[in-house]
Participant: 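Okay, here's the structure, questions in a sec.
Order of the sequence lines sets the chain letters (A, B, ...), proteins ahead of strands, with each chain counted from 1. Note that the coordinates shown come from a computational prediction; the quantities given were computed from them, not determined experimentally.
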Amino acid sequence: MVDDKIKNNLTLEQLLSKILDLIPSKVFAKNKDAQWLYANNLLLKDIKMSLTELKGKSDFELWPKELAEKYGVDDRRIMKSGKIEEYDEIYNVEGQESIVHTIKFPIKSDDGTSIGVGGIFTDVTKVKKMEERINQQAKEILENATPVIQIINGIIIAPIIGTLDSTRTQQIMEKLLNSIVDTHSTVALLDITGVPIIDTATAANLIETITAVKLLGAQVIVTGIRPVIAQTMVHLGVDLSNFLTYSSLENGLKKALEYVDMKICPKD
Amino acid sequence: MNNLESFIIYFNKTLLVNVPNDPDDKIMTDLQNYMMNSLKKYNPLGVIINISMVEIIDSFFARLLSETAQIIKIMGSKTIIVGMRPSVAITSTQLGFTLSNIQTALDVDQAFDILKKPSQKTNRR
């Protein structure tokens, strides 16, 4: 019944207008002289005008001068290039920052010349804020995933879990070097049991870390080198012969204790 | 030249050199010359160069440091660089300046330890 009514009583224009009013974005169209032709309900509510009032008005009658000029430049560029543009804009309305995803497109006549410009604005503030938070949390997780622990006077250990990219190396390096200075440790154990793969970039990052520690006057012992990783390193031609490396943390620790003139022995 | 004396101390058969904060090229060359004279005068077991006050390291400083170490080695003594700051160490490695031929220590205390038992420490790889 309802379907029939819509079909019978509404023209295509009325139907499209209704659809555009239901979209949770702001939609507009202007002619090539920058006069407004159309805005959907959401946008009309924003500028507090009816569609009939709006028709024929220019940007300068609606927005502050600065904004209107910017819109004019954008619109002319899009009409000239004939290409769709998509970008995020940041607005500051009454102290509240909002991020608006903007799509602007030229409206073309049948022969392909631009006769106007249309656009869709969608408020993506919430989505962007959420994205920001996820990124922030991911960063925090990454930072917390690299603890540097002092085992005994003079020895610290940094277990690395997860892949070693350059940002992470930088973080680990900073944390490790600062801990070495703070705790006055002569030996740092770098356990890479939790590193799933080592490629040339990872190896280079690792070597960079070890070299930096050496400059401070401490020694790095790399432990937890699994057979697969040892194999790949040799295949890749990564030369670790100048560095102390062990397959097990136990052996690494023994060597480290030797450095600080200590040893683990039975109680009696 | 006079105030250079305050940067160099002869103590316990060791020459202790404090590199001042933000050293310019002139001070560094003067310091190097003064260091060589002291080396001849005291004939120390080793030279400890303390760079814990240095916040920024440039290529000239880096070259001078490894040059100095080489000169000291030729003159039959040993060099230990002490107290490099973490931020300086990070930038240095990224610039490819690794001081691979010079010994380093966390602080002056450890540097003295290394000088005291040289054979044991230098044999470690």
Participant: Taking atom NZ as the centre, does B:Lys13 end up with more than 12 heavy-atom neighbours from other residues, nucleotides or ligands that are less than 6.0 angstrom away?
Facilitator: no
Participant: If I compare all heavy atoms of A:Ala212 with all of B:Ala89, which pair ends up nearest, and what's the gap?
Facilitator: O-CB, 3.6 Å
Participant: Do other residues, nucleotides or ligands put more than 12 heavy atoms under 6.0 Å from the CG atom of A:Leu236?
Facilitator: yes
Participant: Taking B:Thr91, B:Thr93, B:Ile80, B:Ile102 one by one, which has the highest count of heavy-atom pairs under 4.5 Å against chain A?
Facilitator: B:Thr93
Participant: Taking atom CE of B:Met36 as the centre, does the number of heavy atoms from other residues, nucleotides or ligands within less than 6.0 Å exceed 12?
Facilitator: yes
Participant: More than 12 foreign heavy atoms under 6.0 Å from CD of A:Glu250: is that the case here?
Facilitator: no
Participant: Just checking heavy atoms, which of residues 184-204 of chain A are less than 4.5 Å from chain B?
Facilitator: A:His184, A:Ser185, A:Thr186
Participant: When rounded to the nearest 0.5 angstrom, what is the spacing between CG in B:Asp107 and CG in A:Leu216?
Facilitator: 11.5 Å
Participant: Take A:Gln170 and B:Gln94 through the side-chain contact (heavy atoms from CB on, under 4.5 Å) test and state the conclusion after the steps.
Facilitator: CA-CA 10 Å; A:Gln170 188 80 21; B:Gln94 279 163 355; 2.9 Å; yes
Participant: Before giving the answer on side-chain contact (heavy atoms from CB on, under 4.5 Å), spell out for B:Thr98 and A:Leu215 the whole-Å C-alpha distance, their side-chain angles and the decisive distance to 0.1 Å.
Facilitator: CA-CA 7 Å; B:Thr98 56; A:Leu215 279 180; 5.5 Å; no
Participant: Examine whether an atom of B:Leu106 lies under 4.5 Å from a heavy atom of chain A, and if so say whether it belongs to the side chain, the backbone or both; otherwise answer neither.
Facilitator: both
Participant: Which heavy atom in A:Asn178 sits nearest to a heavy atom in B:Pro86, and how many Å separate them?
Facilitator: OD1-CG, 3.3 Å
Participant: Crowded around A:Ile84 CD1? As in, over 12 foreign heavy atoms under 6.0 Å?
Facilitator: no
